[in-house]
Amino acid sequence: MAIANYLYLSAILFTIGAIGVVVRRNSIVVFMCIELMLNAANLAFVTFARINSNLEGQVVAFFTMVVAACEVVVGLAIIVTIYRSRRSASVDDASLLKR
Amino acid sequence: MLQTSANLAWLIALPLFSSAILLLIGKRANSWGHVMACIVSASTFTIGLVEFFAMQSRSAENRAVTQKLFTWISVGSLNVDAALLLDQLSICFVLLITGVGTLIHIYSIAYMSLDLDRRRFFAYLNLFIAAMLLLVLGDSYLNLYVGWEGVGLASYLLIGFWNQKPAYATAAKKAFVANRVGDAGLSLAIMIAFATFGDVSFSGIKEQTELASTTQLTAIGLMLLLAACGKSAQFPLQSWLGDAMAGPTPVSALIHAATMVTAGVYLITRSNFIFDAAPTAQLMVVIVGGITLLFGAIIGTAKDDIKKALAASTMSQIGYMILATGLGPIGYAFAIMHLLTHGFFKASMFLGAGSVMHGMKDEVNMRRYGGIGKFMPITALTFGLAYLAIIGVPPFAGFYSKDKIIETAFNAGGSKGLLLGITTLLGAMITAFYMTRVVLLTFFGNERWGHKDEPAESPALMLIPIGLLSVGSVVSGFFLARGEALVHWLEPVVNPLKEHHSGEFLSPIIVSLLTLTAVIIGISIAVNKYRSAQADLAPEKVSILTTAARKDLFQDSINEAAFMRPGQSLVGRLLKIDYLVIDGLVRAVGSVSLTAANKLRTLQNGYVRSYALMMVIGALALIAVIWSVTA
Amino acid sequence: MLTAPSLSYSLLAPMLIVFGGAVAGVLVEAFLAKTHRAAVQLTISLGALLLALQQLWRIRDLSSTTAAVNSVAIDKAGIFLQATVVLLALVAVLLIADQDNFVAQASAVPGSSEEINTLQQKSQQTEIFPLFLFAVGGMMLFPVATDLITLFVALEVFSLPLYLLAGLSRRKRLLSQEAALKYFLLGAYASAFFLFGAAFLYGYAGTISLSGISAAFGTANEVFLLIGIVFLSVGLLFKISAVPFHSWTPDVYQGAPTPITAFMAACTKVAAFGAILRIFYVGFAQSQTLWQPIITVIAILTMIFGSIVAITQRDIKRMLAYSSIAHAGFLLSGVVALNKDGLAASLFYLFTYGFTTLAAFGIIGLVKDSAGEVTDLNRWIGLGKKSPLVAGVFAFLLLSFAGIPLTSGFIAKFAIFSAAYKSGNIALVVVGVLASAIAAFFYIRVIIMIFFTDPVNDSVSVIIPSVKSRISITIATLISIILGLAPSLLLNGADNFANFLR
Amino acid sequence: MSLLTVIGVLPLIGAIILAVVPSKNSELIKKFALGVTLIVAVISILLATGFDKADTKMQYVQSNSWISSFNINYAVGIDGISLVLILLATILLPIVVLATWNESDSGRWGVKSFYVLILALETLMIGVFAATDLFLFYVFFEAMLIPIYFLIGGYGSGNRSAAAIKFLLYSLFGGLLMLASIIGIYVISGNQIGATFDLAQLAILEIDNQTENFLFLGFFIAFAIKAPLWPFHTWLPDAAKSATPGTSVLLLGVLDKVGTYGMIRFCIELFPDASKTFTPLIITLAVISIIYGAFMAIGQSDIKGLIAFTSISHFGFITMGIFAMTSQGMSGANLYMVNHGFSTAALFLIAGWMMARRGSSTISDFGGLQRVTPVMAWTFFIAGMSGLALPGLSSFVSEFLVLVGTYTRYPVAAVIGTLGIVLAALYILIPVQKALQGPTTPGNENLKDLNIREKIAIAPVILVIVIMGFYPKPVLDVINPTSAQVVTNAGFTDPLAQVSK
């Protein structure tokens, strides 16, 4: 299988994530979409590491995973707090700040 | 190099300081202000006389004297000194202004004795004397211009002396504005002269006249004519003079008869070197003079207000002078001669009219007069002498001066000469008619004033000046014309003898006879019409011509239709445009920004998802842009 | 044999100290009695920052690209930016120390009895201090990071605490939480873009170091470079609130607790612009023809959009948010300029803008009624009469934002526009001055409301600030004033420090 | 330290003392302000006596580095043009302070702030004319807006805050365009001779035509707004109507002169070629201003609006004179700036007293003042006569010089401009008739005439108007060499007389 296909896959995953953020209302799902995008980037890193025959990309992938984990911690904390205040996880409900 | 004299500045400084003192000190000077003003005026007359005799004692070429006061404006090649020039021409004016002026000062003491603001009146009179002397003494157009506008200011102040009456205030404003149109002409003339010659002094321009093209000289000449029209109430800027009679009568006598209004004649005579080389401008001068002399005369026939009738007459007489100045070198001297004699008889008549008004409780309507002669004999007598002078009965002053103009007009040559001659002749006839009308309505016929108080003769303080002036109206013409005294006197200034008597069309005798005939016709018509007529009321059914004359030949209507109303509507429109269009554009910038802001704000709708969408679109747009730029 | 990577701790000391302080703060939060926490936390924060500042002063003339195995470049500009962040943080921490603004217990549901209890017991949690220090640490790392992964990590290190801090307002908690959610979701979204871009840059150059990317120019697949630049830029432009990645800014500025807004507005700009400058000056300098046009367009859009939309704002914090968007546009001119003057101007601009912003938000925090801060502009009417000094200072700060001469904002604008002009971007200068004209309008509108409109009967008043706030606002204002009158004090420094190691 | 710096800094020190010393005694504050401005006026006269008229170079120069990284200096110096404008400012200020003694009492922030602002403004006014460093000039130019803005907005009347903001935004807009140009020329200097803001050095730059045109426009629009020239004028009537009379005097009398001053000092001296290119356009705008301002003035019912529009007409004359590029036009324009300053000051101050007494600024609310309040009426009349350039009063000399100077190069413009002097008669005499003449309008019978303080304040102004009409030489001697220099440097020589001796 041509290595370029991994890149295409990465792009597709990233696109799905990006679109998901725009179309989904549930904040958890939106958040998962962002994680998907991060992982798409990871995939791209790893693929490029392969293409470039060096390890830097793979190292990056590990870093990314750690960072993503941190993000989950912070993100869920925020989402949960909001859910407790509002009894809703819909991102559309949080739209008091505008104009 | 001209001789210098240290006295000239005093001519102007004395009345100017006197005026300033009277205005600054205020009421405290009420008791002695008029005396000081008279003394100052008399002193200027004395200085004038001293200078005159000094001048006479010198040879013709050395008579002119100058005095440089200080450097006034000096920028680049423009160097204008505040400098005075007293030559044969200006001394005539100096004597006229200070002489008649002094008499009128004296007259005014009595005439204005009941007015609370008499001091202010004398301040204005002194101011006028100063400005008028500056006008005739300035050695350059720019210095002349200062006096030119100065007399305009004095005239404005004096016409509006009783400005608590709105109509009088309006008359004053009208006079100033009409004069300003003329002034604009004068300033343009100065600009053109400077651009052409690099100089604005009389002598500097005179030296270089031959170098300039006819076009340049014509342009200057026409602009000078415009100036003269404004100041001398010539067509088409004549309309202010009638209204100017709002001023106290001595003012009408001094400013609006004897001196200021003749400044146009002075200007053209002074600029003889320009007009002599600019035939088109000269022709225009003649045309303007001709139109105005008839215009004024016709208006004069229909006026019931004695002062306005006299004002119309003034306009007409100045028309004669202007016409004369347009007739080439010989005309200047005759114009000045008529100017001087006119100064005497018209001032005398105005003061006489003032005397009548004084006796008639300020009534000016001649239809309310009648038979005043027997109550005010001296006034009537002096008025009568001046009357004879103006209509040109020999040997009174007007005969010498007017005849010469008519003669010169006939001699202008060809059809032009004939036309001008007939015009002046016609003018003489109408003059005789309306002046006779004035005399008859005022001093003869039945008493129509409709109240019991009989008019009393005026005090001596008024009668003496009138008397002196009427003496002048009798004899001045003879002295000036004797042996062509004035013509020779002015020769160094205007070079009149070069073409004198060159092509004689009609001999002087014939002209005199023609004129006398015209005058007699005029008198007879008037006598016929007004001898026994019940003149209480102005007749209702009159010819179109009379109606037109009563309405000043529609001069005000035309001005209103042509300038005032379009001007007003322009102003109204500009006010709207300024607000709606120009400021509107500025405000539009503001409202567009506000609208844009409100529109753009809606992008910020509060939804995270749409924010994210914007980011995606932004990212895609960036890629698209780079792609299209690089590929 | 494997050798341990060598770290020059001496050069990294400033950052390490701040991170150390943050960790200490966490420990304090965990182990110290509630009553002492606030004082100790503040001491730790101040101490760490001051120490870091002292260390920065010590290393001011040193430089190295290998301080942390090629991941961090300690160079002139980096030190300047770090010092700017630390100084701003020092002033900001005094504002933050006014605990009154923060929720006592973040996890408590708004309006619940739990929340009321914690408030009554005054058992305030003080996690804001360690969070704050972590953010500062991240901000110090961001502009000195020289490889993509370090950049990403730094970005997240300073962003994640900010997301949380934004949600910690004591009053209007729903708005605050909403701000946190929006900031977090959009921030994470932008990070994903950043990372994806980083991946492609890695794919393009075969290395993640900026100098490597620069070196690879002309030898590798330009499509990767293009995608990489665009996606990386999205992440960066998001942080500096450039249009069209600005949407979070007004909402978050408005919702976040005012001291946090102050900190965020001042320091994030410095850190993010520092990183952008380094990335574009060092990493993308060769490929300027690719990105200069789009950054120019974005700069123009940003200036105009920010200036125009601010006109109709009714909330002072929101208005300053739009103003900060406009300023981001002006600052981008310095990036586009791509010359030494541009860098120096940007350094100066960031410094002065930071202090002016801190002071402005500090003052906003003082205007209160019984229910807390009042940010509705209509209720600021007549403030000039009630407290002329505060209103006068605020007006001065607004004039500085507007760039009126004799204020630091003017010198900054002048510097950055002349750099842009020098680089040939004249259009940017013209649009910049026009946008400044529009921007002047809304600053002046506020001045009118404060001074020229008669006060309505309103309970709004300026509270007497605490000593900490007073010090903070005074310092920030003084710096702003001094730099307006004698900008040389800093300009020469900015000039000397305008240098990136490649 | 140059004497110039001394007079520049003195008012500022005064302002600071006023601001710092806690005194609520408003009489004392006013006397202090008067004292400071008087001292400054006296020193500025000393400055003038030590000025070498023949020398066209900058005098009293002082240069200290201010912002070294941009090579910005505190550089000041004066030549003839700036000297007379500084004198105008320093002499008018004590007069304004004295004349508008009670103006600040009803203001928004009290008496003290008013005089702090006035004194600060004086420093800025002196600075703006003295600066020989482009950047320094710009700083003064823009900073001036702030005190004026507060003076209008805080102490004015009517729709004052709207007028203040309109003024400020208009000026800022122009100023920012100028900033773009300043940046441009600064960068160009950096490329050619090393970055500098020194005017003398900037003048020798060689700039390609297109760039020069754009840079010129940036400056010119800023100055055209300031001056103001049609169609950038709409802020002025609003500002003048809302400002206090004293502020209006400073605004129209001094501050707006920065516009015309700037045209000479910057537009022409820095961009001679572009000046040449744009001259037809500018002359056209100037002529339109003359006529338009005059017509608009005729249509005004508000006395302050009237004076504002007459000023627009007069600024048209000044601009025309400047861009005629003849020594007469240039000197005339410079003299015009001074003369207009004094005659507008007189008009505004007296109009202010009239309004304060009557409580109205509508012209038709007055009437017959000549009889009720003769001194007030007379001074107003003289000021009005100066406004219509009556010979013998100061404005005449300058207006004539402008017209004659313009005629030699642009006859058509001068001819149309001459129409302005006819319209001037209307716009002055109509209000004179309405306000001073006619029967006394009911309600005006008991108006008080000028008191001693007011007489003392107005006397010097009237005196200057009269003396400068008869003897402008001292001022012209100062102005002439510099003006001629400007014309020569711009590459022009006076047109020769069409015939030569």
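By convention in this document, chain letters (A, B, ...) are assigned in the order of the sequence lines, proteins followed by strands, and residues within each chain are numbered from 1.
Of the residues considered (C:D315, C:V252, C:L175), C:L175 shows the highest number of contacts with chain A, using heavy-atom pairs under 4.5 Å. Considering only heavy-atom pairs separated by less than 4.5 Å from chain A, the leading option among C:R173, C:Q254, C:E156 is C:E156. Between chain A and the residues C:G203, C:S159, C:A180, the largest count of heavy-atom pairs under 4.5 Å involves C:G203. Of the listed residues A:T81, A:V30, A:I78, A:V73, the one with more heavy-atom pairs under 4.5 angstrom with chain C than any other is A:I78. Comparing C:L160, C:I227, C:V153 by heavy-atom pairs within less than 4.5 Å of chain A, the highest count is held by C:L160. The greatest number of non-hydrogen atom pairs below 4.5 Å with chain C, out of A:A18, A:C33, A:G17, is found for A:A18. Highest contact tally toward chain A, considering only C:A179, C:A198, C:S191, is held by C:A198 [criterion: heavy-atom pairs under 4.5 Å].
In the displayed structure, A:R24 atom CZ is contacted under 6.0 Å by at most 12 heavy atoms of other residues, nucleotides or ligands. For C:F217, the CZ atom sits in a packed shell: over 12 heavy atoms of surrounding residues, nucleotides or ligands are nearer than 6.0 Å.
In terms of heavy atoms, A:L38 sits closest to C:A192 at CD2-CA, 3.8 Å. Taking every heavy atom of both residues into account, A:K98 and C:R318 meet most closely at C-NH2, 2.9 Å. Between C:A199 and A:A44 the shortest heavy-atom distance is CB-CB, 3.7 Å. The two residues A:I34 and C:Y189 have their closest heavy-atom pair at CD1-N, 3.9 Å. Closest heavy-atom contact between C:K182 and A:S95: NZ-CA, 4.1 Å.
No donor-acceptor pair under 3.5 Å is formed between the side chain of A:N52 and the backbone N or O of C:T207. Under the 3.5 Å distance criterion, the side-chain polar atoms of A:E56 are matched with a main-chain donor or acceptor of C:I208.
Taking the six-membered ring wherever Trp is involved, the centroid distance between the rings of C:Y202 and A:F45 falls below 6.0 Å. The aromatic ring centres of A:F48 and C:F224 sit less than 6.0 Å apart.
Within the 4.5 Å cutoff, no side-chain heavy atoms of C:P250 are placed close to those of A:L97.
With a 4.5 Å cut-off on non-hydrogen atoms, C:R314 does not touch chain A at all. The part of C:Y322 that comes within reach of chain A is its side chain, from C-beta onward, which places non-hydrogen atoms under 4.5 angstrom from that chain. Only the side chain of A:L7 comes within less than 4.5 Å of a heavy atom of chain C; its backbone N, CA, C and O stay farther away. For A:S53, no part lies under 4.5 angstrom from a heavy atom of chain C. At a 4.5 Å heavy-atom cutoff, A:A68 makes no contact with chain C through either its backbone or its side chain.
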| Stepwise side-chain hydrogen bond (donor to acceptor under 3.5 Å, both in side chains) check, C:Q177 with A:S85 | CA-CA 9 Å; C:Q177 289 176 353; A:S85 314; 2.6 Å; yes
| message | Applying side-chain contact (heavy atoms from CB on, under 4.5 Å) to A:V59 and C:I149, what does each step give before you reach the verdict? | response | CA-CA 9 Å; A:V59 175; C:I149 190 60; over 6 Å; no
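The aromatic rings of A:F14 and C:F231 are tilted relative to each other, their planes meeting at an angle between 30° and 60°.
In this structure, CG on C:D251 lies 10.0 Å from CG on A:L96, to the nearest 0.5 angstrom. Distance check, rounded to the nearest 0.5 Å: CD1 of A:I79 to CG of C:L181 gives 6.0 Å. Rounded to the nearest 0.5 angstrom, A:S10 OG and C:F200 CZ are separated by 5.5 Å.
For the salt bridge (charged side-chain N to carboxylate O under 4.0 Å, His left out) condition, no pair includes a residue of residues 192-209 of chain C, sequence neighbours left out.
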